[in-house]
Enquirer: 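One structure, pasted below without further comment.
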Protein chains: 2
Amino acid sequence: MQVFKKVAIIGVGEVGGSIGKDLKSKRLAEEVIGVVRRKKSLKEAKQAGAVDRAVLLDRLGDGVKDADLIILATPVGKIIGLGKRAAASAKKGAIITDVGSTKKVIVEKLERSLPEGIKFVGSHPMAGSEKKGALNAEKDLFKGHNCFVTKTKYTDRDALSKIKRFWRSLGADVVEVSPGEHDKIVAWVSHLVHIAASSLVISNKDLLKFTASGFRDTTRIALSTPGLWLDICQTNAKEITVSLDKFMKILKTFRKLISKKNTAQLSKMLNQSRDLRCSLE
Amino acid sequence: MQVFKKVAIIGVGEVGGSIGKDLKSKRLAEEVIGVVRRKKSLKEAKQAGAVDRAVLLDRLGDGVKDADLIILATPVGKIIGLGKRAAASAKKGAIITDVGSTKKVIVEKLERSLPEGIKFVGSHPMAGSEKKGALNAEKDLFKGHNCFVTKTKYTDRDALSKIKRFWRSLGADVVEVSPGEHDKIVAWVSHLVHIAASSLVISNKDLLKFTASGFRDTTRIALSTPGLWLDICQTNAKEITVSLDKFMKILKTFRKLISKKNTAQLSKMLNQSRDLRCSLE
């Protein structure tokens, strides 16, 4: 099901590249154009089979001008600026979306400020890893994964419906939320988890040589690009601090039960977390 | 290099089973006898290629009486009791070791209380997963992994040297420590990490359906048997609370920097944790 004929992807990294790869391999678009920051990425995007052609960022206007869909697949901190630049060169009727990990700030800044005839709908596919670059793009990266799509009272209903169909065509399970609900959810399921993993690594800085595979699994996400997380922390500060407070409260309960050797309650909590985690297997 | 001719393994689960599998497949022992709790495990231990023969726990005496090495590979809470029972049936000159995740309590209780001629040396190979049972035993599970071996002023030097050679014959990197040092190290690199993962799962109990692969990696260790962790928390309570306090201090620093949007310091911490974690790749 071809929802959009021409698609421009700004930022052909792991996520942007995986979108392009699916679009091309499944013939879900007639043309995929990549817009990249570095010369090296021009070649990599082609090599990964993610785009039909790629242009550098200084030719962004050329890259997006015929696109029916423009996808902003850069780190959060670049999305708003590039979204405005892309909209200025986009054709009438074009739809813009993004894949940023926070939504409130982005949707507020883009949804109502674009030129007449250009619509924005926020997205956030819950897929991808700590890896970087188009060469880490994967086919079917989104298949069976949740993809948040945001709806506000200003969201164009037709654009929203198309964006939802677009993500479904890549196999994603679309979850429609408000930007605020989105940011609340990901603060818990993603941002808190990242801060916890980073804190575990720092806690163990003098003992890393004694860590084993469990530690490596638990802290794998701490490998992701710090700049990306800096953007996320800045644009979702409030919700992240709320989740951190709750997390520390649970840690304190564990601490108390361990120190008081309260076996019954400790067993209850360990069993609860094990059962909950089992439900994800 | 055959360090011990006859080896009895009490508890033929993932770790005990993997020891047996290596001993047999590499001909590092003439005979491997398994001692198991459940009837089902008799068959599984054989099927996994982990033992030459297996007996049930009520025939423990039979299982261990000819062994040159007896390995206690049960959850921490069972090690001391079974160690004493095994020692009562062991032959003169036999050496007993364990694979328990805490060492201070175990070594204190076993090293000096065994019958004349039976020596105990504590071990803790840093390998294994959240999986259970001999059918999850793996060849070369210990290869390239650290294995702690404890030394106190009461440790028999000859037995210590043999136990170190034994683990090296399985490919492990032996780390000689005091039981206290061991418990301090694993509180940080393992026990703290487990409590953090369990707390993350509980924090997200109402949002599990929105979690993605990063969350699953980070919390995988919360799948391990709660009873095992209960034993660990009880026998290493002090060190775990110390590590939890330090961990919460780091989380609080993150919280403060995020809430105050202190980009420079936040960036520094995210980069520090990323660089540290990279060193493990």
Side-chain angles (χ1 to χ4, degrees), chain A residues 126-127 145-146 185 188-190 192-193 195-205 207-208 210-212 214-223 226 229-230 233-234 237 240-241 243-244 246-248 250-251 254-255 258-259 261 263 266-267 269-274 276-280, chain B residues 126-127 145-146 185 188-190 192-193 195-205 207-208 210-212 214-223 226 229-230 233-234 237 240-241 243-244 246-248 250-251 254-255 258-259 261 263 266-267 269-274 276-280:
Chain A
M126 294 287 278
H145 288 258
N146 288 314
I185 294 170
W188 291 88
V189 301
S190 168
L192 163 65
V193 184
I195 302 297
S198 297
S199 301
L200 282 174
V201 173
I202 295 176
S203 302
N204 275 287
K205 68 174 161 30
L207 295 169
L208 290 176
F210 296 120
T211 59
F215 183 86
R216 283 197 294 279
D217 280 351
T218 307
T219 58
R220 179 157 301 122
I221 53 171
L223 284 169
W229 282 94
L230 204 58
C233 290
Q234 282 185 293
I240 297 176
T241 57
S243 72
L244 271 169
K246 175 75 185 297
F247 178 54
M248 286 191 274
I250 294 168
L251 287 169
F254 264 118
R255 190 203 182 285
I258 292 169
S259 120
K261 308 217 171 176
T263 321
L266 190 54
S267 169
M269 279 181 77
L270 289 168
N271 274 289
Q272 182 194 13
S273 68
R274 202 263 189 126
L276 288 165
R277 182 56 184 78
C278 275
S279 71
L280 294 177
Chain B
M126 294 286 279
H145 288 258
N146 287 314
I185 293 170
W188 291 88
V189 301
S190 168
L192 162 65
V193 184
I195 302 298
S198 297
S199 300
L200 282 173
V201 173
I202 294 174
S203 303
N204 275 287
K205 67 175 163 23
L207 295 168
L208 289 176
F210 296 121
T211 58
F215 184 87
R216 283 199 293 280
D217 280 352
T218 307
T219 57
R220 178 156 302 123
I221 52 171
L223 286 169
W229 282 94
L230 205 57
C233 289
Q234 284 185 291
I240 296 176
T241 56
S243 71
L244 271 169
K246 175 75 184 295
F247 177 55
M248 286 191 274
I250 295 169
L251 287 169
F254 264 118
R255 191 205 182 284
I258 291 169
S259 123
K261 308 217 172 177
T263 322
L266 189 54
S267 168
M269 278 180 79
L270 289 168
N271 273 289
Q272 182 195 14
S273 68
R274 202 265 189 123
L276 288 166
R277 182 58 184 77
C278 275
S279 71
L280 293 178

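A, B, ... follow the sequence lines: proteins, then strands. Residue 1 opens every chain. Please read these numbers as outputs of a predicted model, since none were measured by experiment.
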Enquirer: Nearest 0.5 Å, please: how far is CG in A:Leu280 from CZ in B:Arg216?
Expert: 6.5 Å

Enquirer: Is it the backbone or the side chain of B:Thr219 that comes under 4.5 Å from a heavy atom of chain A, or both, or neither?
Expert: both

Enquirer: Given that the side chain runs from C-beta out, which part of B:Ile221 has a heavy atom under 4.5 Å from chain A: side chain, backbone, both or neither?
Expert: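 Side chain only.
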
Enquirer: For B:Leu200, run the side-chain contact (heavy atoms from CB on, under 4.5 Å) check against A:Thr218, A:Ile250, A:Leu192 and tell me which one passes.
Expert: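 The option that passes is A:Leu192.
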
Enquirer: Taking every non-hydrogen pair under 4.5 Å, which of B:Ala127, B:Ser199, B:Ser243, B:Ser198 racks up the most with chain A?
Expert: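 Highest number of pairs under 4.5 Å: B:Ser199.
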
Enquirer: Against chain A, label B:Ser279 side chain, backbone, both or neither, depending on which of its atoms sit under 4.5 Å from a heavy atom there.
Expert: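 It is the side chain, since no backbone atom gets that close.
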
Enquirer: At a heavy-atom separation under 4.5 Å, does B:Leu244 approach chain A through its side chain, its backbone, both, or neither?
Expert: side chain

Enquirer: A:Ala196 and A:Phe247: which non-hydrogen atoms are nearest, and at how many Å?
Expert: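 Minimum heavy-atom contact is CB-CE2, 3.9 Å.
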
Enquirer: Among A:Ser273, A:Ala237, A:Ser190, which residue has the highest count of heavy-atom pairs closer than 4.5 Å to chain B?
Expert: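 Ranked by contacts with chain B, first place is A:Ser273.
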
Enquirer: Heavy-atom distances under 4.5 Å only: say whether B:Leu251 touches chain A with side chain, backbone, both or neither.
Expert: both

Enquirer: Identify which part of B:Asn146 has an atom lying under 4.5 Å from any heavy atom of chain A, answering side chain, backbone, both or neither.
Expert: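 Just its side chain gets close to chain A.
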
Enquirer: Please identify each residue that fulfils side chain to side chain donor-acceptor pair (under 3.5 Å) with A:Ser203, with sequence neighbours left out.
Expert: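 Expected list: none.
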
Enquirer: Out of B:Arg255, B:Gln272, B:Met126, B:Arg220, return the one with the most heavy atom pairs under 4.5 angstrom to chain A.
Expert: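 Ranked by heavy-atom pairs under 4.5 Å with chain A, first place is B:Arg255.
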
Enquirer: What option among B:Leu266, B:Thr211, B:Leu223, B:Thr241 has the most heavy-atom pairs under 4.5 Å with chain A?
Expert: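 Option with the top pair count is B:Leu223.
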
Enquirer: Nearest 0.5 Å, what's the CZ-CZ distance between A:Arg277 and B:Phe215?
Expert: 7.5 Å

Enquirer: Report the C-alpha separation of A:Trp229 and B:Arg274 in whole Å, then their side-chain angles, then the decisive distance to 0.1 Å, and conclude whether the side chain to side chain contact (heavy atoms under 4.5 Å, CB included) test is met.
Expert: CA-CA 11 Å; A:Trp229 282 94; B:Arg274 202 265 189 123; over 6 Å; no

Enquirer: Kindly write out the residues that satisfy side chain to side chain donor-acceptor pair (under 3.5 Å) with A:Ser259, not counting sequence neighbours, or none if the list is empty.
Expert: none

